[in-house]
Every structure is written in C-alpha cells, then in structure tokens.
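Data first, discussion second: the structure below is written as structure tokens.
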Number of protein chains: 2
Amino acid sequence: MPTPQKIAYDPNVPVDPRVETLVNELIGRVADKWTLLVLEELEDHGTCRFTELSRRVPGISQKMLTQTLRAMERDGLVVRTVHPVVPPKVEYCLTDLGHSLGEAFCGVWVWAEANLERVARARMAFDARD
Amino acid sequence: MPTPQKIAYDPNVPVDPRVETLVNELIGRVADKWTLLVLEELEDHGTCRFTELSRRVPGISQKMLTQTLRAMERDGLVVRTVHPVVPPKVEYCLTDLGHSLGEAFCGVWVWAEANLERVARARMAFDARD
DNA sequence: GTGCCTACTTTCTTTTGGAAAGTATAGGGA
DNA sequence: TCCCTATACTTTCCAAAAGAAAGTAGGCAC
C-alpha cells in the first residue's frame with residue numbers, strides 16, 4: 001500500500017489522472033437521479049420488494065427500476081434475494097458499501113432541503129430577466 | 001419561522017410530503033453527471049471561461065456545456081459574466097450557493113476515491129457469475 | 001477580401017427513457 | 001375446466017434527450 005487512505009480532499013496533492021478518470025466515471029454512474037432515489041428509499045425503509053420500491057420511488061418506470069437495481073447490484077451497492085415461491089418474491093437491501101454511499105449523499109439531501117427556497121428565488125429572478 | 005433549520009436528517013421527524021417532492025425534484029436536477037463535473041472544475045480552478053471548461057470537463061459537448069451552465073445559472077449556482085469584447089469572453093464562477101453544493105458533494109468524491117477498488121471487485125464478481 | 005478567434009446555436013443522428021402490453025407460474029374460485 | 005389473481009420482470013413502440021459536426025457573429029490582422 002503506497003499511500004495511506006485519504007480522509008478529505010486536499011487540492012495541494014495532485015491526483016493521478018488515471019484515478020481521476022476512474023473517479024469521474026464512477027461518479028457519473030452513481031450520481032444518477034434514480035440511483036439516488038432508490039438509495040434513499042432503501043436507507044429509509046430497509047429491505048424492500050420490487051413492487052414496494054416502484055410504488056415508493058416517485059415516477060420511476062418498471063424498466064428503469066430493473067435497470068437501476070441491476071446496476072446497483074453489479075456495483076455492489078445492493079443485494080438481491082430471490083425467494084423461489086409463486087408468485088415471485090424478490091427482496092433488495094443495501095450492502096455496507098451501499099449504506100456508505102447513502103451516508104456520503106446525506107450532505108446533498110441536507111443541502112437540498114436547506115436551500116430549496118434560495119434556489120426557487122434564484123429561478124424566479126432568472127426567469128424575470130429581460 | 002415555524003421550525004428551526006435542521007442540521008442533519010432525523011428519520012423520526014416525518015417530512016412534509018410536499019417538501020419531499022420538491023427536494024426530490026431538486027436532487028434530480030442537481031445530481032446530474034455534467035453538473036457535478038462542472039461544479040468540481042469550478043471548485044478546483046475558480047473562475048473559468050467557456051472553452052477552458054469544455055477542455056477540462058472530460059467528454060462534454062458544447063451543447064451540453066451550454067445547457068448545464070444555463071441551468072446552473074438559473075438555479076443560482078454560477079454567475080455568468082460577459083465581457084463585451086471581440087472575440088467574446090465569458091467567465092463563469094461559483095456563487096456561495098454553488099460552493100456550498102460543492103461542499104455537500106465532497107463526501108461523494110471522497111467516497112468514490114476510497115471505494116473505486118471495491119466497486120471494481122464487485123463488478124468483476126457480478127460479471128463472473130453463471 | 002480571407003482567415004482567425006470565441007462562445008455559442010442549429011441540424012442531424014444516435015441513444016436513452018417512459019408507457020403499456022406481454023410472459024411465466026401456481027393457487028383459488030365458479 | 002377455464003379464468004382470475006399476484007409478482008417480477010421483459011418486450012415493444014414511441015418520444016425525449018444527448019452527441020457530433022457544421023454554421024453564425026463580428027471585429028481585427030493580414
């Protein structure tokens with residue numbers, strides 16, 4: 001292990017550009033509307049079934065829910081458990097990694113809630129120009 | 001002001017569903033790949049010109065850069081300054097609000113850098129199944 | 001005149017997303 | 001027996017969004 005793990009970002013330590021590319025790709029994958037909403041739902045309600053999620057996540061289509069859950073499973077964020085019964089029962093829950101991502105995004109939820117009004121005012125001001 | 005501003009999320013305090021809808025919408029707007037990458041660039045390099053940004057943000061097209069910057073401007077995240085010269089010179093920089101969003105996303109960057117390998121391993125394991 | 005510079009805009013094509021219908025399977029009711 | 005229900009998808013079709021590339025404006029150097 002050549003370097004100890006960093007805790008916070010330090011702009012004075014240049015990052016290996018290959019690492020930066022990988023980080024950008026991962027951020028692009030993970031910073032997705034549906035991934036975020038599913039993550040939040042699983043954080044708040046723990047283990048969920050497919051239909052439960054599709055009811056809880058506002059506006060998601062079944063297609064996007066399947067895609068999002070598969071991608072999250074592949075990335076190690078959720079575990080998918082199939083119970084071989086009829087009608088089918090499939091449960092999804094967060095892994096430790098998924099939970100840690102949820103915590104990392106926590107600041108963004110807090111920010112959004114705290115700044116709703118500021119953004120609304122900025123939009124009104126912008127739209128009123130000209 | 002009916003309630004004091006919350007600092008952290010408390011699952012025991014139910015949130016007004018209308019507020020939750022607005023927060024979801026705002027998250028959906030702001031948690032966008034290009035918004036994040038532009039935000040990072042402006043955090044790291046301060047004021048930037050259009051072409052500079054399009055060079056620095058990997059893979060963005062001019063069209064998406066314009067769209068992203070306009071949306072960020074409308075939301076009060078960046079300021080756009082036009083210098084009436086020829087050839088044109090337009091500078092973009094973060095507002096306080098934009099900077100605070102950057103800080104809120106900081107946890108996600110740290111998470112991504114810290115967990116690159118774990119995600120890579122999860123993907124390999126997933127792809128090796130069957 | 002021709003070309004150059006920047007910050008876009010426009011046009012066209014490809015990719016992605018959403019809505020709705022279809023699939024498989026077993027049990028229960030008429 | 002036939003039909004209906006329930007769940008977790010998959011498929012199909014169409015609209016919306018994103019990407020690539022070319023076009024625009026307008027002063028200045030040559």
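Throughout, protein chains are lettered first and strands after them, A, B, ... in sequence-line order, and every chain is numbered starting at 1. The figures here come from the full heavy-atom set of this structure, side chains too, leaving out hydrogens, waters and symmetry mates.
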**Q.** Whole angstrom value for the distance that separates P of D/dA8 from CG of A/L69
**A.** 11 Å
Q: For C/dT9, take OP1 and OP2 only and decide whether either is under 4.0 Å from a side-chain N or O of B/R70.
A: yes
Q) For A/K33 and D/dA18, what is the distance between atoms NZ and C1' respectively, to the nearest whole Å? A) 16 Å
Q: Mark yes or no for whether B/T66, through its side chain, and B/Q62, through its backbone, hold a donor-acceptor pair below 3.5 Å.
A: yes
Q.
Counting only side-chain nitrogens and oxygens, does B/R55 get under 4.0 Å of the OP1 or OP2 atom of C/dA7?
A. no
Q.
Whole angstroms only, please: what is the CD1-P distance between A/I60 and C/dT16?
A. 17 Å
Q) Hey, does A/T66 reach any base, or is it just sugar-phosphate, or nothing, if we go heavy atoms under 4.0 Å? A) base
(Q) By nearest atom, which of the nucleotides D/dC9, D/dT7, C/dC8 is closest to the A/P88 side chain? (A) D/dT7
Q: Let me know the distance between NZ of A/K89 and C1' of C/dG27, rounded to the nearest Å.
A: 17 Å
**Q.** DNA chain C: 5'-proximal contact among A/D32 and B/K63 (nearest heavy atom)
**A.** B/K63
(Q) Distance check needed: C/dT15 C1' versus A/Q67 CD, whole Å only. (A) 12 Å
**Q.** Test applied, side-chain contact (heavy atoms from CB on, under 4.5 Å); reference residue, B/C93; option that passes from B/L42, B/T47, B/T81, B/V78
**A.** B/T47
Q.
Side chain of A/P87 only, heavy atoms from C-beta on: which candidate in C/dG18, D/dA6, D/dA18 is closest?
A. D/dA6
Q) Does A/K33 come within less than 4.0 Å of B/E25, counting only side-chain N to carboxylate O? A) no
(Q) Here's a test of your reading of the structure: between A/Q62 and A/W34, which maps to the more 5' nucleotide of DNA chain C? (A) A/W34
Q: Calculate the interatomic distance between B/M64 atom CE and C/dA7 atom P; express it in whole Å.
A: 19 Å
Q: Starting from C1' on C/dT25, measure out to NE2 on A/H83 and report it in whole angstrom.
A: 17 Å
Q | Residue-phosphate contact under 4.0 Å: B/R49 side-chain N/O, C/dA7 OP1/OP2 | A | yes
Q: Ignoring backbone atoms, establish whether A/T51 has a side-chain N or O less than 4.0 Å from OP1 or OP2 of D/dA8.
A: yes
(Q) Assess whether a salt bridge exists between B/R56 and B/E52, defined as any Lys/Arg side-chain N lying under 4.0 Å from an Asp/Glu carboxylate O. (A) yes
Q. Whole Å only: how far is the CZ atom of A/R80 from the C1' atom of D/dT7?
A. 12 Å
Q) Nearest of C/dT25, D/dG27, D/dG19 to any side-chain atom of B/V86? A) D/dG27
Q. Side chains of A/R49 and A/V90: does their closest heavy-atom pair fall under 4.5 Å?
A. no
